Amino acid sequence: MDACARGAERVAAADDVFVVAHIDADGISAAAIAALTLDRLGKKRRVGFYPKFDGDAAGDVNSSPESLVWIVDLGSGYLSSIKRDGVLVTDHHVPERNWRKGQTQLDSFNAVVHVNPHEFGFDGSTEISGAGVTYLVSRAVDPANADLAYLAVIGACGDLQDSKDSGLVGINREILNDAVATGGIEVARGPRFFGRDTRPIRQFLQYSSDPAVPGLSGDGVACSRFLEELGVEERNSDGSRRSWKDLSPDEAERISGALLALLSADDAGKVFGENYDVPGRARGMGDAKEFATLLNSCGRYDDAETGLGICLGEPGAVEAAKENRAAHRRNIAGALDYVKKNGLVRTRRVVRYFDSGDAIRDTVVGIVAGMLLNDGNWDMPMIAFADSDGGKKVSARADRSLVSKGLDLSFVMNAAANHVGGDGGGHAVAAGATIPADAVERFLDAVEDIVLAQLI
Ligand SMILES: [Mn+2]
């Protein structure tokens, strides 16, 4: 791609660089590729993470003092909000509509180099990720950066680009070849369930889904019996539990054969495929999908920087990420306890709800609503309120059985929020809204009217 060469020129010519990245695994991997590329050139750089390319991000981009802003896994949808010179965008999201194909200058005449697969007829949802596009520019800067290809594989797996075809396809395939050639990735064929590196082998089978394995998925006892019949020990000689990656090739082969016998040909094609080992890594990072999950968890807990530290090999970063996750779990347990102890849940005609005020963070309240739903009545949606900067943050959760009866929380949240001057949306089973702080009762009235209408 000629665009990659243009991007590389920009990078080489820059004095100092502000890297702007998305907070998910793909964005963090992309940021790591950009940061390492710049470090190797001896350029001064700074990295900023953003959950979306909103006004804050655009403001920071436009006011950054650096000679180049390199936006990774973000930005394509918002090119017109960039009002400065010296911008490189390496992204795979669908470009903003008023950005004309092949255009290298915005109407405001600010020069932006935009590298995006959609401009070249590739599918940005399966064929290349944000980290992948960033990698192609990095490789154009210096072919020796091919050793960073493994990060682009992790980014692509983070964006689930390996799911549809049970392996990477398109330009991702070329990037994978670089990663294998430089020793960053080893391709391992086998079942693609989550947790090859960390889950005990029984749970690895038990939690399999999409598609489920008849007789095994969801049934731990059956999984243990299955392993026993195949002569596969669940524990190592020191008593620790064995994961899929601890198995001998022969044991893995036996399990694979037995799994195949349980699956239809169609489902076998979905269960079996390529996995990507990341050799020489600590447990939890030895599989590209699990590595990506670790990065995603950092981003979700407001700590994408730790994820970047993990990719850059900073000492202590992995421990920090694990501590983050433990703190998050404690946080949720405490919040759940708070709602229960104070008897906050109220039941109305057709919904249950609680208002945690400022006691529970608005990023956690939806998770708490989902957990309450699980141990309470499944026949009513759960609506949770929390104070936030912009008013009341609302999170709604419902059991799938209600959705199959016609409930659509996305529509409910959107319509009820609009009714009181707020905004909302999401999915049928999980949705959210932001409403004026004094509108809770009116909002709930509207919610109930709509839910009733949907469930009649
Ligand atoms: Mn992405």
Side-chain angles (χ1 to χ4, degrees), residues 19-35 47-53 57 72-74 91-93 124-126 128-135 148 150-164 168 172 184-185 192-199 204 207 209-210 275-278 281-314 317-332 361-364 366-367 370 395 426-427 430 432:
V19 177
V20 168
H22 193 213
I23 57 164
D24 69 1
D26 186 27
I28 295 170
S29 311
I33 292 168
V47 180
F49 287 100
Y50 297 85
K52 57 186 179 208
F53 200 84
V72 300
D73 192 34
L74 268 183
D91 191 9
H92 67 131
H93 293 100
S125 65
T126 56
I128 190 166
S129 69
V133 180
T134 307
Y135 167 72
L148 304 181
Y150 82 97
L151 288 166
V153 170
I154 291 166
C157 291
D159 272 5
L160 309 180
Q161 300 200 325
D162 61 328
S163 328
K164 199 168 132 261
L168 293 170
N172 277 328
I185 294 286
R192 287 171 30 84
F193 304 136
F194 185 79
R196 300 165 65 242
D197 199 25
T198 55
R199 273 192 182 156
F204 177 74
Y207 297 137
S209 61
D210 267 347
N275 294 289
Y276 305 113
D277 286 346
V278 192
R281 296 298 174 132
R283 201 171 277 276
M285 295 153 62
D287 170 84
K289 264 194 288 195
E290 287 187 80
F291 199 129
T293 302
L294 187 67
L295 298 182
N296 270 326
S297 75
C298 292
R300 197 166 314 124
Y301 309 155
D302 284 334
D303 196 16
E305 287 76 10
T306 293
L308 178 64
I310 291 172
C311 295
L312 300 183
E314 282 169 10
V318 176
E319 289 67 31
K322 286 181 179 156
E323 176 47 36
N324 268 342
R325 278 198 287 184
H328 184 70
R329 276 194 290 268
R330 284 196 298 273
N331 196 354
I332 288 170
R361 277 179 67 175
D362 61 357
T363 49
V364 166
I367 300 169
S395 295
H427 306 280

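The structure displayed is predicted, hence computed values, not measured ones.
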Which residues pass the side-chain hydrogen bond (donor to acceptor under 3.5 Å, both in side chains) test with [X], sequence neighbours left out?
X: Ser29; result: none
X: Ser297; result: none
X: Asn324; result: Asp303
X: Ser125; result: Asp123

Between Cys311 and the options Ile154, Leu295, Leu148, Ile33, the side chain to side chain contact (heavy atoms under 4.5 Å, CB included) test singles out Leu295
Listed partners of [X] passing side chain to side chain contact (heavy atoms under 4.5 Å, CB included), at least two apart:
X: Ile367; result: His328, Ile332, Met371
X: Ala156; result: Ser129, Gln161, Leu168, Asn172
X: Leu74; result: Val20, His22, Tyr50, Phe53, Ile71
X: Val318; result: Met285, Ile310, Lys322

Minimum heavy-atom separation for [X] and [Y], please, with both atom names.
X: Val278; Y: Asp287; value: CG2-C, 4.0 Å
X: Ala288; Y: Val153; value: CB-CG1, 4.4 Å
X: Ala321; Y: Leu294; value: CB-CD1, 4.3 Å
X: Leu160; Y: Ser163; value: O-OG, 2.8 Å
X: Ala25; Y: Ala292; value: CB-O, 3.3 Å
X: Gly27; Y: Val72; value: O-CG2, 4.2 Å

So, the side chain of Lys289 versus the backbone of Arg196: is there a donor-acceptor pair under 3.5 Å, distance only?
no
Please check this pair: side chain of Asp197 against backbone of Gly284, looking for a donor-acceptor N/O pair closer than 3.5 Å.
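Flag set: sc Asp197 to bb Gly284 pair under 3.5 Å.
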So CD1 of Ile128 and CG of Asp159: to nearest 0.5 Å the spacing works out to 11.5 Å
Here the gap from Glu290 atom CD to Asn275 atom CG, rounded to the nearest 0.5 Å, amounts to 10.0 Å
Could you pull out all residues at least two apart from [X] that satisfy salt bridge (Lys or Arg N to Asp or Glu O under 4.0 Å)?
X: Asp24; result: none
X: Arg329; result: none
X: Arg281; result: none

Taking the side chain as C-beta and beyond, is there a heavy-atom pair between [X] and [Y] under 4.5 Å?
X: Ile185; Y: Asp277; answer: no
X: Glu323; Y: Thr306; answer: no
X: Phe49; Y: Ile28; answer: yes

Contacts of Phe193 meeting ring-ring contact (aromatic ring centres under 6.0 Å, His included) (sequence neighbours excluded), chain-then-number -> Phe204
